[in-house]
Amino acid sequence: MKRNNPWISISDLLSSVVLILLLMFVLAAILPQYTQEAEKREMMNRISAALQEYQAGGQVRVHSDTGILEFTSVTFSSGSAELSSATLKAIKDFSEPLKDYMVENPKMEVLIEGHTDPAPVSSVRNKGGYFDNNVQLSTLRAANVRDALLNNIGKEYAKRIGVAGYGETRLKNKDNPLSEENRRIEIRILWKGQDDD
């Protein structure tokens with residue numbers, strides 16, 4: 001008569017427990033990223049719906065997949081960081097839903113990106129502030145949009161809204177580098193702990 005070895009079943013049980021713990025660890029590491037991506041996609045879809053009128057008018061383009069709001073109407077005169085009245089109105093209309101989303105999503109942060117064409121700038125006082133080169137000009141453009149945004153939503157959100165200036169390094173219209181669309185603002189939605197692309 002053959003006797004069953006109790007150690008085989010215990011070792012199988014321990015292997016199963018180790019496998020389950022390993023799967024739980026992997027899920028714990030991966031699941032928050034997918035949950036965060038789903039939240040971000042849902043929020044971008046809501047922003048897109050809220051800005052439908054501006055999208056239809058060609059003033060805003062919402063890129064839900066990348067989390068970028070491209071203010072196509074927020075362009076600048078060459079060598080200027082001054083915001084037009086139309087730009088200030090678009091920022092004001094965008095402010096209310098943005099504030100709601102920031103209250104609802106405490107991990108949400110905003111990066112305002114400024115861009116320029118490759119035309120050289122002079123080192124004199126220009127419209128909208130002081131700058132010596134295109135990187136400074138693009139940063140000043142982003143900072144002016146940030147100031148207008150904070151004037152509408154409140155200064156308490158200042159730590160969650162940053163600026164970056166890319167100068168002429170990210171031309172949108174490479175066929176016509178001096179095109180107005182290269183002198184633009186993009187707003188990128190970020191989440192704390194997520195790397196910028």
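Below, each value reflects all heavy atoms present in this structure, side chains not excepted, and no hydrogens, waters or symmetry copies.
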My understanding is that only residues two or more places apart in sequence, or in another chain, count here; which of them pass side-chain hydrogen bond (donor to acceptor under 3.5 Å, both in side chains) with [X]?
| X | value |
| --- | --- |
| N151 | K155 |
| N173 | E181 |
| E42 | none |
| Q52 | none |

Nearest heavy atoms of [X] and [Y], plus distance in Å:
| X | Y | answer |
| --- | --- | --- |
| S179 | D117 | O-CB, 4.5 Å |
| N45 | S64 | OD1-OG, 3.5 Å |
| M108 | L98 | CE-CD1, 3.3 Å |
| N134 | A119 | ND2-O, 3.0 Å |
| G167 | S138 | N-OG, 2.8 Å |
| T66 | R188 | O-NH1, 4.4 Å |

Report the hydrophobic cluster partners of [X], with the cluster defined as I, L, V, M, F, W, Y residues connected by side-chain heavy atoms closer than 4.5 angstrom, directly or transitively.
| X | value |
| --- | --- |
| L21 | V17 |
| I20 | M24 |
| L178 | none |

F94 and V60: CA distance, side-chain angles, deciding distance, side-chain contact (heavy atoms from CB on, under 4.5 Å) verdict: CA-CA 10 Å; F94 171 64; V60 174; over 6 Å; no
[X] side chain vs [Y] backbone, donor-acceptor pair below 3.5 Å:
| X | Y | value |
| --- | --- | --- |
| S95 | I91 | yes |
| R141 | H115 | yes |
| R146 | I161 | yes |
| E186 | I68 | no |

E156, CD: over 12 other non-hydrogen atoms inside 6.0 angstrom: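 Counting neighbours around CD of E156, more than 12 heavy atoms of other residues, nucleotides or ligands fall under 6.0 Å, so yes.
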From [atom1] ([X]) to [atom2] ([Y]), nearest 0.5 Å:
| X | Y | atom1 | atom2 | value |
| --- | --- | --- | --- | --- |
| I185 | L83 | CD1 | CG | 8.0 Å |
| T116 | L171 | OG1 | CG | 7.5 Å |
| D147 | N152 | CG | CG | 11.5 Å |
| R61 | S48 | CZ | OG | 12.0 Å |
| K92 | L149 | NZ | CG | 13.0 Å |
| L88 | E82 | CG | CD | 9.5 Å |

Salt bridge (Lys or Arg N to Asp or Glu O under 4.0 Å) against E96, all qualifying residues, sequence neighbours excluded: none
Listed partners of K89 passing salt bridge (Lys or Arg N to Asp or Glu O under 4.0 Å), at least two apart: D93
side-chain contact (heavy atoms from CB on, under 4.5 Å) between N182 and E168, worked out: CA-CA 8 Å; N182 289 327; E168 70 275 8; over 6 Å; no
Ring pair (Phe, Tyr, Trp, His ring centres under 6.0 Å) pairs, two or more places apart, involving residues 135-157: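 Passing the test, one end in residues 135-157: no pairs.
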Partners passing ring-ring contact (aromatic ring centres under 6.0 Å, His included) against Y101 (at least two apart in sequence or in another chain): none
Results of side chain to side chain contact (heavy atoms under 4.5 Å, CB included) for V135 - residues two or more places apart only: N133, T139
